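Step one of this worksheet: look at the structure below.
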Amino acid sequence: MESSALQRILFHLLVASVFLFFFIAFGSSYQRETDSLLKWKASLLYQTPSLLPSWNHANASLHCQWFGISCNKDGSIIAMNLTGLGLKGTLHNFNFSSFRYLVRLDLGNNTLSGTIPAQIGELPRLSVLGLYKNKISGSIPLEIGNLKSLTELSFSDNDLFGKIPPTLGNLSNLLILNSSKNQLSGSIPQEIGKLKSLTSLAFSQNRLTGVIPSALGNLTKLTSLQLDYNKLTGSIPSTFGSFKSLTNLELTYNNLTGSIPSSLVNLTDVHMFSLAFNQLSGSIPRDIGNLKSVVNLYLCSNNLGGTIPLSVRSLFNVHLLLIHQNQLSSPFLQGMRNMTNLSILTLHENNFTGYLPQELCLNVSLTRFTAFDNHFFGPIPESLRNCKSLYRIRLERNQLEGNLSETFGVHPDLNYMDLSNNNFYGELPKSWEGNKNLTSLRISGNRVGGLIPLELGKLIQLQRLDLSSNRLIDRIPKEIGKLSSLLELNLSDNQLSGSFPNEIGSLSSLETLDLSSNNLKGPIPREIGDCSNLNYFKASGNELNGTLPFEIGSMISLQLSLDLSQNKLTGEIPSQLGNLQKLEKLNLSHNIFSGSLPSSFTKMVSLTSVDVSYNELEGPVPDNRAFRESSQNVFRNNKGLCGLIEGLKLCDNSSTTKKSNRKNDPKLLLIMTLPILGGLVFLMAFIIIIRRERRHKFFYEEARETNNGNLFKIWGFNGRLVYEDVIVATENFSTKHCIGTGGYGSVYKAELSTGQVVAVKRLHWSQDEIVDSKTFVNEIEVLREMHHRNIVKLLGFCLNARHPFLIYEYLERGSLSKILHNVEEAAKLDWIKRNNIIKCIANAIAYMHHDCSPTIVHRDISSNNILLDSEFEACISDFGTARLLKPDSSNWTVLTGTLGYMAPELAYTMEITEKCDVYSFGVVALEVIMGKHPGELITCLMSTSQPIGQDIIFKDILDPCISDPPDHIKDEVIVIVQIGFACISNSPNLRPSMQHVSQELSRCREPFPESFDTITLGSLLNL
């Protein structure tokens, strides 16, 4: 009995001990987990009360109810899902060893940084690991290979670098592996071929090199393989034909060579088949028609040759076929005839010739067709004319022909049509009023005649209408005024007559209006002033008459040009035009304007070009920079303009009444003539004396003194006094006044005794490096004749043997380089300012190359030689300085440019051309966008033969000092980068002219089709 009782006591003690053991064990585990989570939470940055509020010590016992936490029945944490919470911090304080039962860890779509700790390999039960879309850097730890239970692994969208660890081959249960959009380098490990359970493999948008392992062919369960946007070389493994379940194959933008393996025709389930932008050669496999399920087939931009196999006719499901930029022969087009479900076809920018294929839209599925910039000729195929599914069609710049009224009918979904620069004739069809969704219609440069149909006024979605350079006649219909969404209207170079429609004033959104080179008559309507968003207005070459309406002064957005030249406009120029303070070009020449030029023109601070010649104007020329710096040609053939302009007479300040009463008085005429004659004699004597003093050590350019004491507007002012003023102001060129040093000399800020602040460049030349004084002065005269708002004005010079220097106007903010390298200053340069800076530079160089005679090359365009004024307006400095040295000077090779900005051809030739400036501009443009010199990027891109920038996200090259560009400026930033890379082409012949660059930067354009956040530099530069 006692023995039985003892046994019962021992049994209960044993049960209690076991219970106590498990209680302590589980309690300890629970405590470790909660403590670890709270410690990690405390390490996160930018803590706020709303960040994981349920995670706190007060309810630690309820940790299984914490946000994002899941537990098993024993209270151990098995899953953490904290995606998209904006978490900032690292994983360094995350104690992985505390979570022995963790099956799922998802921390994706946050802002976590730092490296992946090696301790992550201490999660033996982990099945899903998601660290995607963070800012995690460093390499992938080898210890990842210890997570034998993993089925899903995603590191995509981070900053990981280094090699892919071969230990990933240990994860035999892995189904999904995604490390796209990182900076991983090296080759793809052969060990990846061991992951035979894998269904999805993605290493796209990295920097992977080497060949694609043939062992990947062992992954027979793959449904998706993405290796695009890398630097992979070699051939496509023939073992890829074993991917029987593959639906997605993306190898785009690599450097793959060889032919397309015939085994790939076995991928009968593939929907996406992309091999574009490689260097594949040979012919397309004969049985490619076996890809019955393919929807998008990308083979473009390779070196494929031969013909398109007839089997391609079997690809009935294809929605997008891109085969352009290859070397396919003409049967290619014939091979398309049975692709009846084709949705998008792009053939543009090739050398295709012949007729367009007749079978383009047999099954009414084609939505987009682009074939511009080719050599197609003949009529538009009937199947295309009747293709009701069309959304976008671009056929510009071919030799297509036919009667326009029979070419296209009604296409209810049509959004964009461009038939410009072909040989179409006939009249504009009235039936096009049925194209209700049309936003852009361009038919310029054809032989279209007849009237502009009234029915066009029903296309209320229209934003751009360009009918220029045709043979249109009669009036501009007033119905045009109903196109309330219109941004661009170009009817120039036709035979239109009648009056200027008042209804155009209803187009309040209009930005560009060109009615030039027609036969329009009558006055310009006052309603034009209601076009408040107009940026460009040209109506030259007509027969417009009457007075110029003062309401034009209300168009304060007018910036690019106001050109009303070659008309019959009369009366005085309204003073309200002075309100156009953004206007850059004003042309009122060849009219019958009378009276004086309005003094309000002095307010037009943005003017760079003005022409008022061939009128009946008189009186003083306004004190405006554009007027002052213009040649006499822009004032010629007027009644009596006067002012401080070379070639114009000086203004007489006496009253007009006294002049009228006394002009016939012989005594007064004699009294007035004698002083003038005496002055001329004195002036001639003075000039002779100056010329005889060839060895005088001062050669200084001055102009007339004005009330503000600007010494550099004083002709004949004593050069010695100005020289002494500069020496005093700079304290004999003390370093404390030095604001910059370059290859040509050091720049000093000098405040003269008159209060004027100037920039003095003390030259680093010795006397024997300077061309003789006569040649030097001739060069200075050339530079002095340059008049552009974005070129720093040269005010004077001195050839003193001890202190040779040049004097320029002073710009407050200093060099662009200095600003970009100062984080605080760079942050002030928002995208609008940067965009304007680049436009200013382009306009100035275009002026130098195309408007100066003879053409002048700068030779040293760099961010150091771009100066900014107080309003961040950019001006080019050091213009032409290198021209002043002897060709055999020892400094010649140094002074022809700045290292990092010089065109590459200068390494083997000393021939300086305009294209050298174009290259330098491209570097500066990219520098402004990136916030730093683009040398590293250029070297990286140019050092590979693969398509440029295939592994670089465009957004990542932008200056991090400022936030992303706003939506309305993003497209302009993209265009600047495209132009910048075009300018730095290794071949000078492939670089655009600066005139073309300037025009491209100023013209309106369509929104870029791809997402700004995902577009790569490669896809951008290959458009």
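Since this is a predicted model, take the numbers as computed values, not measurements.
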How many angstroms lie between atom CG of N230 and atom OG1 of T209, to the nearest 0.5 angstrom?
9.0 Å
Mind checking side-chain contact (heavy atoms from CB on, under 4.5 Å) for S197 and listing every partner two or more places apart, or none if nothing turns up?
L175
With sequence neighbours excluded, tell me which residues meet side-chain hydrogen bond (donor to acceptor under 3.5 Å, both in side chains) with S36.
S98
Determine the minimum heavy-atom distance between P189 and P166, stating which atoms define it.
CB-CA, 4.1 Å
Mind checking whether I144 and L153 have side chains closer than 4.5 Å, heavy atoms only?
yes
Below 4.5 Å, heavy atoms only, C-beta onward: do I188 and I192 meet side chain to side chain?
yes
Is it the case that the side chain of N170 and the backbone of L168 share a donor-acceptor pair, with hydrogens and angles ignored and the cut-off at 3.5 Å?
no
Without hydrogens or angle criteria, can the side chains of D74 and S76 be said to hold a donor-acceptor pair below 3.5 Å?
no
Classify the angle between the aromatic ring planes of W40 and W55 as parallel (below 30°), tilted (30 to 60°) or perpendicular (above 60°).
tilted
Any residue meeting side-chain hydrogen bond (donor to acceptor under 3.5 Å, both in side chains) with D157, in chain and number order, not counting sequence neighbours
none
Counterpart residues, side-chain hydrogen bond (donor to acceptor under 3.5 Å, both in side chains), relative to T239 (two or more places apart):
none
Verify whether one side chain among Q279 and N255 offers a donor that lies under 3.5 Å from an acceptor in the other.
yes
Side-chain heavy-atom pair L820, R834 within 4.5 angstrom cut-off:
yes
Without placing hydrogens or testing angles, list every side-chain donor-acceptor pair under 3.5 Å for residues 112-126, not counting sequence neighbours.
from	atom 1	to	atom 2	distance (Å)
S113	OG	G89	O	3.4
T115	OG1	H92	NE2	3.3
R125	NH1	R100	O	3.0

Walk me through whether D959 and K932 qualify under salt bridge (Lys or Arg N to Asp or Glu O under 4.0 Å).
CA-CA 8 Å; D959 190 349; K932 61 180 181 180; over 6 Å; no
Short side-chain donor-acceptor distance under 3.5 Å, N254 and Y229
no
Under 3.5 Å, is there a donor-acceptor pair between the E250 and S274 side chains?
no
Less than 4.0 angstrom from a charged side-chain N to a carboxylate O is my criterion; do K955 and D964 meet it?
yes
M80 and I77 have their tightest heavy-atom pair at CG-CG2, 4.0 Å
Residues L131, I136; criterion side chain to side chain contact (heavy atoms under 4.5 Å, CB included); working and verdict
CA-CA 8 Å; L131 300 178; I136 298 173; 4.0 Å; yes
Can you give me the closest heavy-atom contact between L174 and E152, atom names plus distance?
CD1-N, 3.8 Å
Can you find a pair of side-chain heavy atoms, one from D35 and one from N95, that are under 4.5 Å apart?
no
Which of parallel (below 30°), tilted (30 to 60°) and perpendicular (above 60°) describes F96 and F94?
tilted
Compute the centroid of each ring, for F99 and then for Y101, and state whether the two points are separated by less than 6.0 Å.
no
Looking at every non-hydrogen atom in both residues, tell me the closest pair between C961 and A827 and how far apart they are.
O-CB, 4.1 Å
What's the spacing between H933 NE2 and E927 CD if we round to 0.5 Å?
6.0 Å
Checking the side chain of D106 only, and the main-chain atoms of N81 only, is there a donor and an acceptor separated by less than 3.5 Å?
no
Identify the residue among D228, L227, N182 that makes a side-chain contact (heavy atoms from CB on, under 4.5 Å) with N206.
N182
Is there a side-chain contact between L208 and F203, using heavy atoms and a 4.5 Å cut-off?
yes
Can you list the steps and then say if K194 with E191 is a salt bridge (Lys or Arg N to Asp or Glu O under 4.0 Å)?
CA-CA 6 Å; K194 298 179 180 180; E191 288 80 359; 5.4 Å; no
Is there a side chain to side chain contact (heavy atoms under 4.5 Å, CB included) between L177 and L198 once you walk through the steps?
CA-CA 8 Å; L177 174 57; L198 210 60; 4.1 Å; yes
Should L184 and F155 be marked as a side chain to side chain contact (heavy atoms under 4.5 Å, CB included) after you check the CA-CA gap, both sets of side-chain angles, and the distance that decides it?
CA-CA 11 Å; L184 298 173; F155 296 135; over 6 Å; no
Run the side chain to side chain contact (heavy atoms under 4.5 Å, CB included) test on C71 and H63 for me, step by step, so that the C-alpha distance in whole Å, both residues' side-chain angles and the decisive distance to 0.1 Å come before the verdict.
CA-CA 9 Å; C71 297; H63 68 285; 4.0 Å; yes
If we count only N and O atoms by modelled type, under 3.5 Å, do the side chains of N158 and S156 hold a donor and an acceptor together?
no
Let me have the donor-acceptor pairs involving side chains of residues 210-225, under 3.5 Å, with sequence neighbours excluded, atom names and distances please.
from	atom 1	to	atom 2	distance (Å)
N218	ND2	A215	O	3.2
T223	OG1	T199	O	3.0
S224	OG	N248	ND2	3.3

Scanning both residues in full, the closest heavy-atom pair of F981 with L926 reads CE1-CD2, 3.8 Å
Of the non-hydrogen atoms in L829 and F872, which two are nearest, and what is the gap between them?
CD2-CD2, 3.4 Å
